[in-house]
Protein chains: 2
Amino acid sequence: MANEEWRAWPRKRRKWGEVLAKKRVTLADVARLAGLSTTAASMILTGRPDTRLSAEAHAKVHAAAASLGYRPNIAARALRTDKTRTIAFISDYVATTRFASGLIRGALAGAEQAQHVMLVLETGGEPAREIQAIEAALDRQVDGLIFAAMRAREVFVPDIAINVPTVMLNGTSPRFPVSILPDEYRGGRAAVELLAGAGIREGIVLLGYNEKEETGLFRSETVTNRLAGIRDAMAAAGTTFVAELSCWNWEPDHGYDLTRTVLKSLKPRALLCLNDRLAFGAYQALDEAGLAIPEDVALVSFDNDEIASYLRPGLTTIGLPHEEMGRMAISLLLGTPTPARVLVEMPVVLRGSLPR
Amino acid sequence: MANEEWRAWPRKRRKWGEVLAKKRVTLADVARLAGLSTTAASMILTGRPDTRLSAEAHAKVHAAAASLGYRPNIAARALRTDKTRTIAFISDYVATTRFASGLIRGALAGAEQAQHVMLVLETGGEPAREIQAIEAALDRQVDGLIFAAMRAREVFVPDIAINVPTVMLNGTSPRFPVSILPDEYRGGRAAVELLAGAGIREGIVLLGYNEKEETGLFRSETVTNRLAGIRDAMAAAGTTFVAELSCWNWEPDHGYDLTRTVLKSLKPRALLCLNDRLAFGAYQALDEAGLAIPEDVALVSFDNDEIASYLRPGLTTIGLPHEEMGRMAISLLLGTPTPARVLVEMPVVLRGSLPR
DNA sequence: AATCCTCGCTAAAACCATTTAGCTATCGCT
DNA sequence: AGCGATAGCTAAATGGTTTTAGCGAGGATT
């Protein structure tokens, strides 16, 4: 008795008095009401060109569909067409949301605009879960796959047959040529140019990275590019950093510690922080030291994290264009596949931490 | 060449010499290889009890399925069974992510555990998009619907026939009895009890609400409950607020302004902030005034926002149990529907803003 | 008058899995 | 030998849509 679950779906209409669960209206219902075949109804509703059905037939079918509130059953349609108007967004972490959310949001918006729907799957970066996620998506006949990484890096994609268009979002994979990344190099340049534009060319401290210490450490490709942009722009401005401090983890605590260290030995004119959280820590240390932002010390940073707008004065930062990237992932998936690496410009967000 | 993976799924077998893009393996293939009928294969693979197929048949089918890497086509299965192992998460904003992310994350985790998959849809709270989202989900035969609101409140659910189990997450609707909310009343009590436990019973300022000003203003039900808990606990502790300040929007700027206003006229012993962002602004104002946290002024707040852990000292706060709520939404959907309102306990997160 | 074309439409197959109904061979029993 | 029961399996229907192949009627062409 317990395996009632095994029974077929109640085939017959429920008893009176129970909640009325009306049956789905099908194409056959529409056709019947219109007095035509399902073939005709299908062709008309899918807007097939070059069919020879009369204008009258069109009118009848549309009227019937509207009056019954017909909606095609996508699963059934998928069976024939292999198209589900569904795409899968597989990411390592939705968790670390500060990063993820923009990507998802952009992709969601793009999907909605293209009349698609998005399956979201999280893998925690664990290969076993990655495999399950891919299979779950493929089982559902998705029209495309987006592999999103929360920190831009090379992503390991398990070696499963994937037969649908695939885009790497905020990451790369040797297996899939299409990837979307922030234009870190130009972003890096922009940060330095911002300082130069404010007349600051001396006394700049780099917070978050130190060539000597970091050699050999793994850093994502994007950080490498960001630094390349920074260094090239510094060279172009004819200046160098007065100090470079690195830390393992770019969290506020470290920004605080590093800044205190800096202040012991010198009096910087500006801090170039590799992310907003480091900058946040720096704010606290500068406050404690009685230094005014931006009069005594200016700050420029990266990410355009939420906290950047909470700080006072607001933090000038080179934003990660996550939303735009997410949107682009969809349009690349759905549009003509251009096997190329797309670099999305990082917006410059001006706030009070830089003198004008 | 390189983008062979990109090609559309070929309808017909490709010409000789082209890369062999194997067709999906179907149940019929498995049955054929096992030398049995599809009926037998289906019964065996779905683990149907009480069938009389031989152990040998079981072995053969499983072997065949494994060797072909068979995966059932869920769309086809859904056609018969009406079950897709997919549930839809429809929210007003994923955007304001600080709120949303926990809910999604929890739901995602719950779904994965239950071997389901989640469709995420965003409506921006716009009725037209809500209707589209619901229809898109229903078209795909989802097994359940979750309506999530980013700020707990009554949610307007458009009047469309919905024939699948539905749960309101962080919101309520007269139409759907099952809803999951934070236990704001107990959370409110907890905040006051925290202060009392630290020996603070006088000089407490309430930041974010003022009965006089706020009368008539719309505030969500949960805030009402939170305040009821706060006031009951204050009464139980035999004390009252020394001041109550309200603001329209609970953003850092307002916390800053309100706190400065307070400091002009009195010297509070503690600030009870209605959310972490207000508290964040308060920190800045207290810093400026040279007051030490928690020695001069203690703080307790709500939400356990990300910034709460960045502040120094860390902010003691009553957290929103979003992740747990999301997880619960799934288990309510998939388990026996208990038409009841579920209140999830708000965790007390102790940090340095309260003296010990 | 026979043939061909076009128009307007439909029957039926196909997609893939599940489920119902039922078939055949064997065994046990009288 | 005859009957019924059972074990072990399968044919066919089903779900909802798209798509292929083609039908019948009427008009034009030869």
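Small disclaimer: the values here were computed from a predicted structure and weren't measured. The chains referred to below are lettered A, B, ... by the order of the sequence lines, with proteins before strands, and numbering in each begins at 1.
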Asks: B:Arg175: which residues meet the side chain to side chain donor-acceptor pair (under 3.5 Å) condition with it, sequence neighbours left out?
Replies: none
Asks: Considering every strand and a 4.0 Å limit on heavy-atom distances, what is the contact class for A:Ser54: base, sugar-phosphate, or nothing?
Replies: sugar-phosphate
Asks: Within residues 56-74 of chain A, find the residues that approach DNA chain D with a heavy atom at under 4.0 Å, and present them sorted by residue number.
Replies: A:Tyr70, A:Arg71, A:Pro72, A:Asn73
Asks: Under the side chain to side chain contact (heavy atoms under 4.5 Å, CB included) test, which residues partner A:Ala114, sequence neighbours left out?
Replies: A:His116, A:Leu334
Asks: What is the distance from CD1 of B:Ile44 to P of C:dA17, rounded to the nearest Å?
Replies: 15 Å
Asks: List the residues meeting side chain to side chain donor-acceptor pair (under 3.5 Å) with A:Ser179, not counting sequence neighbours, and say none if there are none.
Replies: none
Asks: Pick base, sugar-phosphate or nothing for A:Thr46, based on heavy-atom distances below 4.0 Å to the nucleic acid.
Replies: sugar-phosphate
Asks: How many whole angstroms separate atom CG of B:Asp139 from atom P of D:dG16?
Replies: 14 Å
Asks: What is the distance, to the nearest angstrom, from the CZ atom on B:Arg140 to the P atom on D:dG16?
Replies: 18 Å
Asks: Please list, chain by chain and in numerical order, all residues satisfying side chain to side chain contact (heavy atoms under 4.5 Å, CB included) with B:Ile160, sequence neighbours excluded.
Replies: B:Ile131, B:Ile134, B:Glu135, B:Pro158
Asks: Quick one: B:Lys83 NZ to C:dT18 P, roughly how many Å, whole number?
Replies: 14 Å
Asks: Does any pair with a residue in residues 323-335 of chain B pass side chain to side chain donor-acceptor pair (under 3.5 Å), and if so which ones, sequence neighbours excluded?
Replies: B:Arg105-B:Glu323
Asks: Which is true for B:Ser42 with a 4.0 Å heavy-atom rule: it touches a base, it touches only sugar-phosphate, or it touches nothing?
Replies: base
Asks: Distance check needed: D:dG16 C1' versus A:Arg24 CZ, whole Å only.
Replies: 9 Å
Asks: Find the distance B:Leu79:CG to D:dT18:P and express it as a whole number of Å.
Replies: 12 Å
Asks: Ignoring hydrogens and geometry beyond distance, is a side-chain donor-acceptor pair present between B:Asp143 and B:Thr84 at under 3.5 Å?
Replies: yes
Asks: Please state how far atom CG in A:Asp82 lies from atom P in D:dT18, giving the value in whole angstrom units.
Replies: 14 Å
Asks: Could you give the CZ-to-P distance, from A:Arg52 to D:dC23, as a whole number of Å?
Replies: 14 Å
Asks: Does B:Thr26 have a side-chain nitrogen or oxygen under 4.0 Å from the phosphate oxygens OP1 or OP2 of C:dA17?
Replies: yes
Asks: Kindly calculate the angle separating the two end axes of the helix from C:dA1-D:dT30 to C:dT30-D:dA1, each obtained from five base pairs, and round it to 10 degrees.
Replies: 80°
Asks: Looking at residues at least two apart in the chain, or sitting in another chain, which of them share a side chain to side chain donor-acceptor pair (under 3.5 Å) with A:Glu130?
Replies: none
Asks: Is it the case that the side chains of B:Thr86 and A:Arg140 hold a donor-acceptor pair, with the cut-off being a distance below 3.5 Å and no angle test?
Replies: yes
Asks: Tell me which pairs pass side chain to side chain donor-acceptor pair (under 3.5 Å) where either residue lies in residues 60-69 of chain A, with sequence neighbours left out.
Replies: none
Asks: Can you name the residues that form a side chain to side chain donor-acceptor pair (under 3.5 Å) with B:Gln141, not counting sequence neighbours?
Replies: A:Asn73
Asks: Give me, pair by pair, the N or O atoms of the protein and of nucleotides 10-13 of chain C that are less than 3.5 Å apart, along with how far apart they are.
Replies:
residue : atom : partner : partner atom : Å
C:dT10  : OP2  : A:Ser37 : N            : 2.9
C:dT10  : OP2  : A:Ser37 : OG           : 2.9
C:dA11  : N6   : A:Thr39 : OG1          : 2.8
C:dA12  : N6   : A:Thr39 : OG1          : 3.3

Asks: Got a sec: does the CD of B:Gln113 have more than 12 other heavy atoms crowding it under 6.0 Å?
Replies: no
Asks: According to side chain to side chain contact (heavy atoms under 4.5 Å, CB included), who are the partners of A:Ala28, at least two apart in sequence or on a separate chain?
Replies: A:Thr26, A:Arg32, A:Thr38
